[in-house]
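Here the structure comes first, spelled out in structure tokens, and everything after it is commentary.
No hydrogens, no waters, no symmetry mates; every other heavy atom, side chains included, goes into these values.
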Amino acid sequence: MAIDGLIILDPFGHPIIQSGFRSSPPAYPLLHIDAFNAALEKSARGSIDPVLFVHSLEYDASSVCCHVKHGDLRFLCPVTGDVDPLYVFAFMKTFIDILSEYLGNISSETLKENFDVVYQLLEETLDAGGHPSTTFPNALRDIVLPPSMLHKMLSVAGVAALAAPIAHGQPFSSPIPWRKMGVRYNNNEIYFDIAETLKATVNKNGAASTTAVWGRVDSNCKLSGTPDLLLNLAGVQNLNDCSFHPCVRIQRWTRDKQLSFVPPDGRFTLMEYRYTSGSVQQIVIPLQIKANVKLEESSSMALSSTDFQALRSCSSLGTIDITLVSRLTTRSLDNVVAQLYLGESATGVNMVATNNSSWSFDSKTKTLSWHIKSAPASSSFNLRGTVLSQKYLRPSRAFRVTFDINQHNFSALKVEQLKMTGELYKPFKGVRGRSVGDVEWRW
Amino acid sequence: MAGLNLNTITENATRFGTRLQETISEHTREFALTRASGTSYFDMPEERVRNIRNQLDSSSDREKLDAMKRLIALISKGRNVSEFFAQVVKNVASHNLEIRKLVYIYLLRYAEQEPDLALLSINTFQKDLSDSNPLIRAMALRVLSGIRVPMIGSIVVLAIKKCATDPSPYVRKAAALAIPKLYSLDSAHQPELITIISNLLRDRSPLSLGSVVVAFEAVCPTRLDLLHKHYRRLCRTLIDMDEWSQADLLTLLTRYARTMLPRPLVASATNRDEPEEVDQDLKLLLSSSEPLYHSNNPAVVMAVARAFYYLAPPSETKKLVPPLIRLLHISPEVERVVLTYLLIVSQTLAPLLVPHHAAFFVRTDDIQQIKRDKMQLLRTVISAENYQVLLREFIHYADDPDDELVADAIKAIGHCARIIPESTQQSLNALMGFIQSHYDVVVANAVLVLKSLVQIRLHKQDLLPSSTAYSPMAIISNLAYRIDEIRHPKARACVIWLVGQYAASPVTSENGALPHTGRVEGVASWAPDVLRKAAAGFMKEEPTVKLQTITLAAKLLVLSPSDRTLILLARYVLSLARYDLNFDVRDRARTIGSLLAGVTSEGLYPDKEDGFQEHRGVVLRREQVRMVLFEGKQDVSEDGVKHHDPTAVLASIRSITGRDTQNNLYLPDWLEQGIDPSLRETEDDAPSPAVVTSISSATSASVPRSIAASSRNTPVVLTPTTGPSPAGSFSGKAEGGKGPWMDLDKFYEESEEGESEEEEEDEDDDDDDDEEEDEGEGGEEEESGEEEEEEEEEEDVEDERAPLRPGGHSEGSTAQWSSEHLSTNS
């Protein structure tokens, strides 16, 4: 009654890594891989239920396959018994985070290159009984060594004793589970990245129907010893729905709105929040789109009730004319991508884009994308052209626009003060802001 | 001397230097290989596979490591490499930890297939269990318990027992995690494992305590009685555990609370000042789990939400909504699951979701299941305040390329019109607009929704005064006028049916103003024209439309049997239908033809002879035909409502898939009274001084006072913390507590009547026990010991009038009581 194991599939649906499914028949993982691939094939536009019910050959032994996508890899977790799928997804997210910390970029190449490390990690994080065991990266780093040049050299040179984790201090000895013992740095520094995502929906009339800013404070901690930090944020009164890394003392937060914590070593996400502006004014969406999409039939046949069949086979033509204007006055919008799904019947696109922007049409996903690498302040871009279609054109009802803004935060959240107790040195702190937008613009 | 030392040092240094140089140069050569080697392990030629055996037997660690990596790569590719088992087992004691780890991975996969060879490795693991490094100890236990060889079961029990008392919490955690594995291998060890679990439950470290929960759930999920003494401590340590344990423990504690704690009393609606009565222990659970709403692990947040949903009094329940809404943005997978949970929540707490309606707006890139659940949720949150916004959203969704979403959205508009009377006008406008759409789905759904709206409102018309401009009849006439624009066959058929069904009621109050030039008597003005149009294009219609056209012709004819035009039209339609290619249409024509035989004076078929031939049987009168055609229609049902399984528990897999799993999560209903709270009291409950902490300290003088002081007047003494005590001793204790209130003579008088009552109560007790046993499965034999205790306790709780039963209990108890009783009196 738990997570039975983990399977990682390459982009072609073949397993790369497979944990040992000990208490299940050998066909069990294959059953899940097949069920997943079959479901993926059937799904339209990659819309596949993340929780798949998998029938079993045996009576009354059905199971469930939870899966997530990461890059072009798929992570599958077969589950039997009554387990909250959220538990499974949380585990997969944790495991993917751990993997990316160990391997950097996760792809089928890096996985194949370091498969021994991946297997060791799997062994440590997922107990054979199906429950996550050690998932704090700090504790894991003591047990499974990250694949580094030095480590490879030492182990190959036969000086294995040096490579053994014992050299790094006793694993399993730290009294704080998320922080390892005896960390030493020459330069004591801690960095905070405040990353915010604007998720908004804009109606046809240009007014936003929903706006939400979700923020995250990522930290990279390189502090010696066991520092106890106290972080004061400016603008904290506008943060709602916060969630924290386990190291944060929640009672302190609910009392004083201060973050008091002993940080783990290395990278971690300190907190996540939702920003709501205190005043009446809403969050301004930093761009504006004027879209003119017209759908018309190319043939001018008179329509009557009896021509219903005839209509279905006639070809149609659509014209699209989009203008995108940046509303920012000082900064530029980077990597602006506007996408529009044109419907299954779309066959070809012919567009003209203004300077510094490019468009592409993916005939497999039937999606028109418009890329603007960098949109300077108050600049304006235009894309226009025609869409060909076999049947009546039926495009998506909204553009999806994504963009980045560097050195900017919607919430204007600032780190006011960082106090440290428990150690004597003075740490260097750095703060960065970054924002991402994901806007659905209805036309 | 110093020079000599220096000499040796330099010598060593140079030697080490050259050695390092050699190895490094060797390594860089190797390294060029290893850069690509990761993948080369995967695509290795067959002869290298054969070489693995030699590599494993070689003395060089590097060779061995290389061989092991090759093996793991082969395993990963799905190849069975159990043939190397013997060679691999030899390396189980390797000094190189990395080799050893890979050996472990291999061993765990193939030990079951080669039990005899696997036994060879047992010794090494047993030795490792005494290693000074906790990592080695934990790892040894993990492998030992993972080797699925039933033969070594008792060895593993010993190992677990040993590790359960290990000084390192990590090793104790490993011990706890090993328990379920052993249990699934051989359930005969259950009694021993339960002892280990109950010992581990006393653990102070949150790290290991969390894993004990896993063991508990696997081995003895029904033995909630083991948790009494640990309940409060578990609640308090909850916040310090790791995230996975928090989720597991919350599930367990939720079940415990439902089984063992009294139901929170809800403040009555009339008297709001009266506070809700919530048990102290339940309060403790809720207050200690509430901070975990801030966890960054969605599973933990969900577990807290579940605890609140099923345990908290109404005033607290509302806290679960904002955290769940927060989860929606984490990832599409989490969103998909949480939305389904929110649907369950919305069954009882829909008003709480209303302020969050914007979170359920459908985005174009949502996956199918998310769209479906969001639409369901949006339906449930429609209210008089937000219907404007929601209607606008629904109307927008009707443009979506996804047919299912379009259908859901249009149905939602209908739903909105039904439940919010003010929105009717707007909804109908939108629906009428959809009828002119280019897209089949939009038109079809709009017509279907309109149809059900019209029907429902006609049904209700007796009750509700129709005040709105869009009366049902007006809608039908509107549809009738637009029959040309409605091209989708299903929608056309639907309109034609509507026209026929309601053509008979030209309400004078509404249609009185219309000019009736050339109107057919008894039929609404718009109806004959629909028939005319349908008849004109009859040949080109789909079969469904043809069927409805025939029915329409018949209905109109019944309503106005003398109209010449209608007879001609009906005759035309029936003759065409009679020779139709589709046999359903031919059948219908024949049926209708014979049904109408008695309605009109003129025959419906040009060749009268044939007509008379057919209608030789019973000929129905007009009123009868009317009954046949118009009455007995099905009641309209609400469309598009997904009925939820009422038994689905929040945050269970069943609520997602809608199907049973091997062991469904099941939450029993509350016990009305709950078990006695003093069972949960322990020595370290310092803040409750009025509590009897141990048997020895309970002097007869202090006991009654403490009982009087406690909120419940049920005198029960807790189970002593050190092992199960003989049942008699503490029943005697309780009686000792009763002592001062009761005269001995009185007692003897009462005891006789008491006996009979007790017997009844005994039966009750038995029933209770039976129920408990029903809830749990398995583990009944082992329970017997504890059950006896419980029985005793419950008796004590319940018979307050006659707690003493000479001879009823063991001799020891009576003796003990009498001595204490005497001392009280003296």
query = What part of B/L405 is in contact with chain A, defined as an atom under 4.5 angstrom from a non-hydrogen atom: side chain, backbone, both or neither?
reply = side chain
request  = Give, as side chain, backbone, both or neither, the part of B/S295 having an atom under 4.5 angstrom from any heavy atom of chain A.
outcome  = backbone
note = Most contact-rich option vs chain B, by heavy-atom pairs under 4.5 angstrom, among A/T110, A/D116, A/V51, is A/D116
message = Can you tell me which portion of B/V362 sits under 4.5 Å from chain A's heavy atoms? Options are side chain, backbone, both or neither.
response = both
ask   = With only heavy atoms counted, which part of A/I48 is less than 4.5 Å from chain B, the side chain, the backbone, both or neither?
value = backbone
inquiry  = As a quick check of understanding, evaluate side-chain hydrogen bond (donor to acceptor under 3.5 Å, both in side chains) for A/S243 and B/Y293, giving each step before the final call.
reply    = CA-CA 8 Å; A/S243 67; B/Y293 274 136; over 6 Å; no
query = Going from OG on A/S19 to CD1 on B/I75, what distance comes out if it is rounded to the nearest 0.5 angstrom?
reply = 12.0 Å
task = State, with a plain yes or no, whether a side-chain heavy atom of A/W253 is found less than 4.5 Å away from one of B/P291.
result = no
task = Any chance you could lay out the salt bridge (Lys or Arg N to Asp or Glu O under 4.0 Å) test for A/D127 and B/K173, step after step, and finish with the verdict?
result = CA-CA 11 Å; A/D127 183 80; B/K173 178 180 174 167; over 6 Å; no
request  = Check the pair B/D248, A/Y87 against side-chain hydrogen bond (donor to acceptor under 3.5 Å, both in side chains), reporting the backbone distance first and the verdict last.
outcome  = CA-CA 10 Å; B/D248 289 332; A/Y87 192 83; 3.2 Å; yes
task = Examine whether an atom of B/V334 lies under 4.5 Å from a heavy atom of chain A, and if so say whether it belongs to the side chain, the backbone or both; otherwise answer neither.
result = both
remark   = Applying a strict 4.5 Å limit to non-hydrogen atoms, the region of B/L102 in contact with chain A is side chain
key: Close side-chain approach of A/E123 to B/R142, heavy-atom, < 4.5 Å   = yes
query = In terms of heavy-atom proximity below 4.5 Å to chain A, should B/R336 be classed as side chain, backbone, both, or neither?
reply = side chain
ask   = Who among A/P395, A/P177, A/S43, A/A212 has the most heavy-atom pairs with chain B under 4.5 Å?
value = A/P395
query = Under a 4.5 Å heavy-atom cut-off, does chain A meet the side chain of B/P298, its backbone, both or neither?
reply = both
request  = Counting only heavy atoms closer than 4.5 Å, note whether A/F91 contacts chain B via side chain, backbone, both or neither.
outcome  = both
Side chain, backbone, both or neither of A/T94 within contact of chain B (heavy atoms, under 4.5 Å) = side chain
query = Are the side chain of B/T364 and the backbone N or O of A/S396 linked by a donor-acceptor pair below 3.5 Å?
reply = no
ask   = Can you check whether B/D400's main-chain N or O pairs, donor with acceptor, with A/R394's side chain at less than 3.5 Å?
value = yes
query = With respect to chain A, which residue among B/I367, B/I179, B/V389 yields the maximal number of heavy-atom pairs within a distance under 4.5 Å?
reply = B/I367
task = Give, for atom CD1 of B/I330 and atom CD of A/E272, the distance between the pair rounded to the nearest 0.5 Å.
result = 6.5 Å
ask   = So, do B/R306 and A/D84 sit near enough that their side-chain heavy atoms are less than 4.5 Å apart?
value = no
query = If you round to the nearest 0.5 Å, how far is OG1 of A/T210 from NE2 of B/H357?
reply = 10.5 Å
remark   = When the 4.5 angstrom heavy-atom criterion is applied to A/V79 and chain B, the contacting part is side chain
ask   = Can you say whether B/Q368 sits under 4.5 Å from chain A via the side chain, the backbone, both, or neither, judging by heavy atoms?
value = both
pair A/I143-B/L135: side-chain heavy atoms closer than 4.5 Å = yes
request  = Measure distances from B/Q246 to the heavy atoms of chain A and classify the residue's part below 4.5 Å as side chain, backbone, both or neither.
outcome  = neither
inquiry  = If you compare all heavy atoms of A/F115 against all heavy atoms of B/A73, which two are closest, and at what distance to 0.1 Å?
reply    = CE1-N, 3.5 Å
key: Pairs of heavy atoms under 4.5 Å with chain A: top-ranked of B/L327, B/D366, B/D403   = B/D403
Contacting region of A/E440 [heavy-atom separation from chain B under 4.5 Å] = both
ask   = Given side chains that start at C-beta, do those of A/T254 and B/H294 come closer than 4.5 Å, heavy atoms only?
value = yes
ask   = To the nearest 0.5 Å, what is the distance between CH2 (A/W178) and CG (B/D242)?
value = 11.0 Å
inquiry  = Can you tell me which of B/I99, B/L177, B/L185, B/V338 forms the most heavy-atom pairs within a distance under 4.5 Å of chain A?
reply    = B/L177
key: Contact origin within A/H14 toward chain B - heavy atom pairs under 4.5 Å   = neither
Exceeds 12 heavy-atom contacts within 6.0 angstrom, atom NZ of A/K93 = no
query = Say you draw a straight line from CD1 of B/I105 to OH of A/Y119; how long is it, rounded to the nearest 0.5 Å?
reply = 8.5 Å
ask   = What part of A/S133 is in contact with chain B, defined as an atom under 4.5 angstrom from a non-hydrogen atom: side chain, backbone, both or neither?
value = both
message = Using side-chain heavy atoms (C-beta onward) and a distance below 4.5 Å, is A/K204 in contact with B/D399?
response = yes
task = Quick one: pull up CZ in B/F361 and NZ in A/K199 and give me the separation to the nearest 0.5 Å.
result = 14.5 Å
key: Option in B/M302, B/Q369, B/E243 with maximal non-hydrogen atom pairs under 4.5 Å from chain A   = B/Q369
task = Find out whether B/Y170 and A/T134 are in side-chain contact, i.e. whether some heavy atom of one side chain is under 4.5 Å from a heavy atom of the other.
result = no
ask   = Is there a side-chain contact between B/E393 and A/N203, using heavy atoms and a 4.5 Å cut-off?
value = yes
task = Start with the C-alpha distance between A/R274 and B/R326, add both sets of side-chain angles, then the distance that settles side-chain contact (heavy atoms from CB on, under 4.5 Å), and finish with yes or no.
result = CA-CA 8 Å; A/R274 184 169 62 85; B/R326 166 173 78 80; over 6 Å; no
task = Could you list the residues that satisfy ring-ring contact (aromatic ring centres under 6.0 Å, His included) with A/W441, not counting sequence neighbours?
result = none
Shortest non-hydrogen contact from B/E333 toward A/H67 = CG-O, 3.7 Å
remark   = All heavy atoms of A/F244 vs all of B/N296, minimum pair found to be O-CG, 3.3 Å
query = Are A/R397 and B/D402 ion-paired here, with the side-chain N under 4.0 Å from a carboxylate O?
reply = no
query = Relative to chain A, which segment of B/K533 carries a heavy atom at a distance below 4.5 Å: side chain, backbone, both, or neither?
reply = neither
All ring-ring contact (aromatic ring centres under 6.0 Å, His included) counterparts of B/H329, not counting sequence neighbours = A/W214
